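The next block holds one structure in the form of structure tokens; read it before the comments.
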Amino acid sequence: QVQLVESGGGLVQTEGSLRLSCAASGLTFSTYSMGWFRQAPGKEREFVARISFTGVNTDYADFVKGRFTISRVNLKNTMYLQMNSLKPEDTAVYYCAAGVDSRAATTRRANYWGQGTQVTVSS
């Protein structure tokens with residue numbers, strides 16, 4: 001059974017940093033493109049970032065470019081999201097996803113989802 005478990009969320013001040021982790025099991029990790037999505041209260045889930053099978057190619061939503069970095073270590077079956085220069089508008093539940101293709105920014109679809117981890121940025 002596929003399982004994605006996020007960790008690393010928490011409370012941080014504006015301009016602070018957090019690193020989210022996503023530990024995957026039950027799938028051949030290196031064959032899945034991975035990604036991060038987020039959902040704020042009262043809003044739809046939105047695309048944040050995507051990383052290809054090997055980690056060579058990445059895509060980011062415009063609102064996080066230059067601030068967030070997605071990465072993966074296939075040997076550890078783990079994906080990361082380094083978040084710097086955080087803003088209050090980044091406050092949301094962040095979800096790990098597996099099977100995220102190049103159309104994820106518009107389709108918001110993936111094969112598998114984690115349970116989410118809360119990120120709160122105070123002003």
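The chain is numbered in sequence order, starting from 1. Keep in mind that this is a model prediction, so the values were computed, not measured. Just the heavy atoms: all of them, side chains too, but no hydrogens, waters or symmetry mates, feed the values below.
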Donor-acceptor pair, T69 side chain versus Q82 backbone, under 3.5 Å?
no

dist M34:CE -> L81:CG (nearest 0.5 Å) comes out at 12.0 Å

What distance separates Y32 OH from R72 CZ, expressed to the nearest 0.5 Å?
11.5 Å

Intermediate values then yes/no, side chain to side chain contact (heavy atoms under 4.5 Å, CB included), C96 and W36
CA-CA 5 Å; C96 172; W36 291 94; 4.1 Å; yes

What pairs meet the side chain to side chain donor-acceptor pair (under 3.5 Å) rule with one or both residues in residues 1-11, with sequence neighbours excluded?
E6-Q115

Would you kindly confirm whether L4 and V48 end up in one hydrophobic cluster when ILVMFWY residues are joined by side chain heavy atoms under 4.5 Å apart?
yes

Ignoring hydrogens and angles, tell me if any N or O in the side chain of S52 forms a donor-acceptor pair with the backbone of S33 under 3.5 Å.
no

Tell me the closest heavy-atom pair linking V100 and A110, and the distance in Å.
CG2-CB, 3.8 Å

Are the side chain of R50 and the backbone of D101 linked by a donor-acceptor contact shorter than 3.5 Å?
yes

Side chains of residues 15-31: which donor-acceptor pairs under 3.5 Å do they make with residues two or more places apart or in other chains?
from : atom 1 : to  : atom 2 : distance (Å)
S17  : OG     : N84 : OD1    : 2.9
T31  : OG1    : T28 : O      : 2.8

Are F47 and W113 connected in a single hydrophobic cluster, I mean Ile/Leu/Val/Met/Phe/Trp/Tyr linked by side-chain heavy atoms less than 4.5 Å apart?
yes

Qualifying disulfide bond (SG atoms under 2.5 Å apart) pairs with a residue from residues 24-57, counting only residues at least two apart or across chains
none

For S122, the side chain to side chain contact (heavy atoms under 4.5 Å, CB included) test, sequence neighbours excluded, returns L11, Q13

Minimum heavy-atom separation for K65 and D62, please, with both atom names.
NZ-OD1, 3.1 Å

Among all residues two or more places apart in sequence or in another chain, which pass the salt bridge (Lys or Arg N to Asp or Glu O under 4.0 Å) test with K43?
none

Under 4.0 Å between a side-chain nitrogen and a carboxylate oxygen: does that hold for E46 and R38?
yes

Walk me through it: do F53 and N74 pass the test side chain to side chain contact (heavy atoms under 4.5 Å, CB included)?
CA-CA 9 Å; F53 306 144; N74 286 348; 5.8 Å; no

Counting only heavy atoms from other residues, nucleotides and ligands, does the tally under 6.0 Å from CD of E89 exceed 12?
yes

Identify whether M79 and Y95 are in the same connected component of the hydrophobic contact network (ILVMFWY, side-chain heavy atoms under 4.5 Å).
no

Side chain to side chain contact (heavy atoms under 4.5 Å, CB included) partners for V121, two or more places apart:
V12, T14, L86, P88, D90, T91, V119

Hydrophobic cluster identity match, V2 and V5, side-chain contacts under 4.5 Å
no

With rounding to the nearest 0.5 angstrom, report the CZ to CZ distance, R109 to F37.
11.0 Å

Which atom pair, heavy atoms only, marks the closest approach of I51 to T58?
CG1-CG2, 3.9 Å

Would you find a donor on one side and an acceptor on the other, under 3.5 Å apart, between the side chain of Y60 and the backbone of I70?
yes

